[in-house]
Peer 1: 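After the structure tokens below, expect a handful of questions from me.
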Amino acid sequence: MTSTASRPAAETARPDRAAATARRLSLLNVAFELRAFIALAVLIVVFSVLSDAFLTVPNLITMTKHVAINGVIALGMLLVILKGGIDLSVGSIVGLSGVVAGELLGGLHVGGVIAYPPVWVVIVLCVAVGMAVGVINGILVTRFNVAPFIATLGMLYVARGAAMLISNGATYPNLGGNPALGNTGFELLGSGRPLGLPTSIWIMIALAVVVTLLLAKSPFGRWLYATGGNERAADLSGVPIRRVKTIVYVISGACAAVAGLIIASELTSAAPQAGETYELNAIAAVVIGGAALSGGRGTVRGTLVGAFVIGFLADGLVILGVSTFWQILIKGAVIILAVMLDQGQQRFKRRGAAAAAVAASKKHD
């Protein structure tokens with residue numbers, strides 16, 4: 001028979017155990033939130049031990065330059081995923097923007113005269129092409145209710161086909177231009193080094209600042225998170241759902257076009273095949289960075305760290321001489337692991353919230 005003296009002690013122990021469980025789950029949730037940073041730190045330590053060339057300043061700058069291309073695309077992809085969509089067309093936009101740049105820099109035949117537009121005009125027109133593809137994606141999703149996966153998958157082929165038609169499947173070489181024609185300077189976008197850092201890194205930093213301010217300080221950022229979290233509730237609250245959806249695809253297309261220009265500038269050539277599978281790298285960076293594919297959750301900081309994880313992993317494997325086939329396999333495994341960890345984090349969050357509620361109710365009782 002249980003004594004009356006032991007009952008209060010048992011009742012006191014229950015809320016203590018519930019509170020301890022809530023604290024433990026909260027710590028696990030913090031670890032899950034920092035998983036991308038932990039993964040990046042582990043990669044740096046492992047590759048530094050395995051290769052003396054990995055953790056050197058020139059190599060770090062080179063790897064960050066590679067990361068910047070994926071980072072620029074991933075920042076646009078983040079906005080699309082935040083609203084619960086996907087954009088599979090960005091890789092083809094990369095190739096299309098490079099081809100358009102090659103066509104323009106090679107001169108336009110106008111009335112028997114060849115006109116060479118300035119480089120800034122070429123850049124603006126190429127970004128406009130990327131935005132136009134984004135507009136079409138947005139219209140398909142918002143006006144015709146085509147699923148984002150299908151709409152952007154179709155535009156993946158349309159944009160790639162357009163690049164093939166414009167170039168006739170050929171590569172545009174020697175995009176450095178001719179001083180006598182006034183079309184030089186394009187190579188600075190990919191090979192320039194303002195203040196000692198490649199231009200592509202500065203572009204990624206500037207874009208990250210703009211997207212951060214857009215999400216944190218503007219009504220559009222609140223609308224975007226609301227749309228991704230609960231589209232029906234956001235619609236009832238007066239959020240312009242269609243406009244938000246269209247804008248994120250336009251921004252994603254612009255970011256992909258900028259990445260295409262960087263690649264073409266760095267190589268001083270443009271090929272219609274450029275950018276293949278880049279959409280998968282961008283999605284991987286966003287997911288590894290902690291964004292939810294269902295929408296409503298994700299940050300610029302996490303996306304950039306995810307891009308560094310993907311970039312450092314790929315470059316580290318190259319430095320170690322790992323086979324390309326193994327690189328593809330490992331990258332796929334990392335993406336699957338990232339999704340599994342995200343699902344685990346959500347389960348721990350729910351359990352932590354339940355444990356905290358139980359502890360609070362026991363404390364009040």
Side-chain angles (χ1 to χ4, degrees), residues 33-37 39-40 67-91 93-94 127 130-131 133-134 137-138 141 148-149 151-152 200-201 203-229 231 234 241 243-260 262 275 277-311 334-335 338-339 341-342 345:
E33 290 285 353
L34 296 175
R35 63 184 182 273
F37 293 92
L40 181 59
V67 168
I69 295 172
N70 187 38
V72 168
I73 302 173
L75 288 170
M77 185 69 73
L78 170 66
L79 300 181
V80 177
I81 288 178
L82 280 176
K83 72 92 186 170
I86 202 79
D87 189 354
L88 299 178
S89 65
V90 291
I93 295 174
V94 168
V127 173
M131 295 173 69
V133 176
N137 283 330
V141 172
F149 181 90
T152 58
S200 56
I201 296 178
I203 292 174
M204 180 182 68
I205 293 172
L207 184 60
V209 172
V210 170
V211 174
T212 298
L213 293 176
L214 183 68
L215 293 177
K217 302 296 183 180
S218 71
F220 176 80
R222 294 190 293 272
W223 293 346
L224 182 56
Y225 278 108
T227 303
E231 184 174 324
I241 301 294
R243 191 194 314 168
V244 170
K245 287 183 176 181
T246 303
I247 289 174
V248 295
Y249 283 111
V250 171
I251 295 175
S252 179
C255 290
V258 170
I262 293 172
T277 74
Y278 276 38
E279 62 276 357
L280 303 182
N281 289 336
I283 294 170
V286 176
V287 172
I288 290 172
L293 288 173
S294 56
R297 178 165 53 85
T299 63
V300 170
R301 179 184 58 192
T303 296
L304 290 181
V305 174
F308 273 94
V309 169
I310 292 292
V334 168
I335 295 171
V339 175
L341 289 174
D342 181 69
Q345 179 187 2

Peer 1: If I compare all heavy atoms of Pro148 with all of Tyr249, which pair ends up nearest, and what's the gap?
Peer 2: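 Taking every non-hydrogen atom into account, CB-OH, 3.2 Å.
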Peer 1: Please determine, by modelled atom types, if Ser252 and Asp87 share a side-chain donor-acceptor pair under 3.5 angstrom.
Peer 2: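 Yes, a side-chain donor-acceptor pair sits under 3.5 Å.
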Peer 1: Between Leu88 and Thr152, what is the shortest heavy-atom contact and its length?
Peer 2: N-OG1, 3.2 Å
Peer 1: If you take all heavy atoms of Gly289 and Ala36, which pair is closest and at what distance?
Peer 2: CA-CB, 4.3 Å
Peer 1: Which heavy atom in Val127 sits nearest to a heavy atom in Ala257, and how many Å separate them?
Peer 2: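 Looks like CA-CB, 3.8 Å.
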Peer 1: Is there side-chain contact between Lys217 and Arg222, with heavy atoms separated by less than 4.5 Å?
Peer 2: no
Peer 1: Keeping Thr277 on the side-chain end and Leu280 on the backbone end, is there a donor-acceptor pair under 3.5 Å?
Peer 2: no
Peer 1: Using side-chain heavy atoms (C-beta onward) and a distance below 4.5 Å, is Leu214 in contact with Ile251?
Peer 2: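 Touching, per the 4.5 Å side-chain cut-off.
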Peer 1: Would you mind reporting whether Ser218 and Trp223 have side-chain heavy atoms less than 4.5 Å apart?
Peer 2: no
Peer 1: Rounded at 0.5 Å granularity, tell me how far CG in Leu40 sits from CG in Leu304.
Peer 2: 11.5 Å
Peer 1: Please report the shortest heavy-atom distance between Met77 and Val90, naming the atom on each side.
Peer 2: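 Nearest pair, atom of Met77 first, then Val90: CE-CG2, 3.8 Å.
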Peer 1: To the nearest 0.5 Å, what is the distance between CD1 (Ile247) and CG (Leu224)?
Peer 2: 9.5 Å
Peer 1: Can you measure from CE (Met131) to SG (Cys255) and round to the nearest 0.5 angstrom?
Peer 2: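 Here the interatomic distance stands at 10.0 Å.
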Peer 1: Are the side chain of Tyr278 and the backbone N or O of Ile73 linked by a donor-acceptor pair below 3.5 Å?
Peer 2: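 Looks like no, no N/O pair under 3.5 Å.
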Peer 1: Any sub-3.5 Å donor-acceptor pair from Asn70's side-chain atoms to Ala282's backbone N or O?
Peer 2: yes
Peer 1: Can you tell me how far the OG atom of Ser200 sits from the CG atom of Leu207, to the nearest 0.5 Å?
Peer 2: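 Going from the OG atom of Ser200 to the CG atom of Leu207 covers 12.5 Å.
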Peer 1: Is there a side-chain contact between Leu79 and Leu215 (heavy atoms, below 4.5 Å)?
Peer 2: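 Yes, close enough: below the 4.5 Å cut-off.
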Peer 1: Look up atom CG in Leu78 and atom OG1 in Thr299, then write down how far apart they are to the nearest 0.5 Å.
Peer 2: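 Those atoms lie 7.5 Å apart.
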Peer 1: Please examine the side chains of Asn137 and Val250, heavy atoms only from C-beta on, and report whether any two atoms are closer than 4.5 Å.
Peer 2: no
Peer 1: Do the non-hydrogen side-chain atoms of Phe37 and Leu34 ever get within less than 4.5 Å of each other?
Peer 2: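 With C-beta onward as the side chain, the pair touches.
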Peer 1: Could you report the tightest heavy-atom contact between Gly275 and Val94, atom names first, then the distance?
Peer 2: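 Smallest interatomic distance, heavy atoms only, reads CA-CG1, 3.8 Å.
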Peer 1: Suppose we screen for salt bridge (charged side-chain N to carboxylate O under 4.0 Å, His left out). Which residues come up paired with Lys83, at least two apart in sequence or across chains?
Peer 2: none
Peer 1: Are the side chain of Arg297 and the backbone of Leu82 linked by a donor-acceptor contact shorter than 3.5 Å?
Peer 2: no
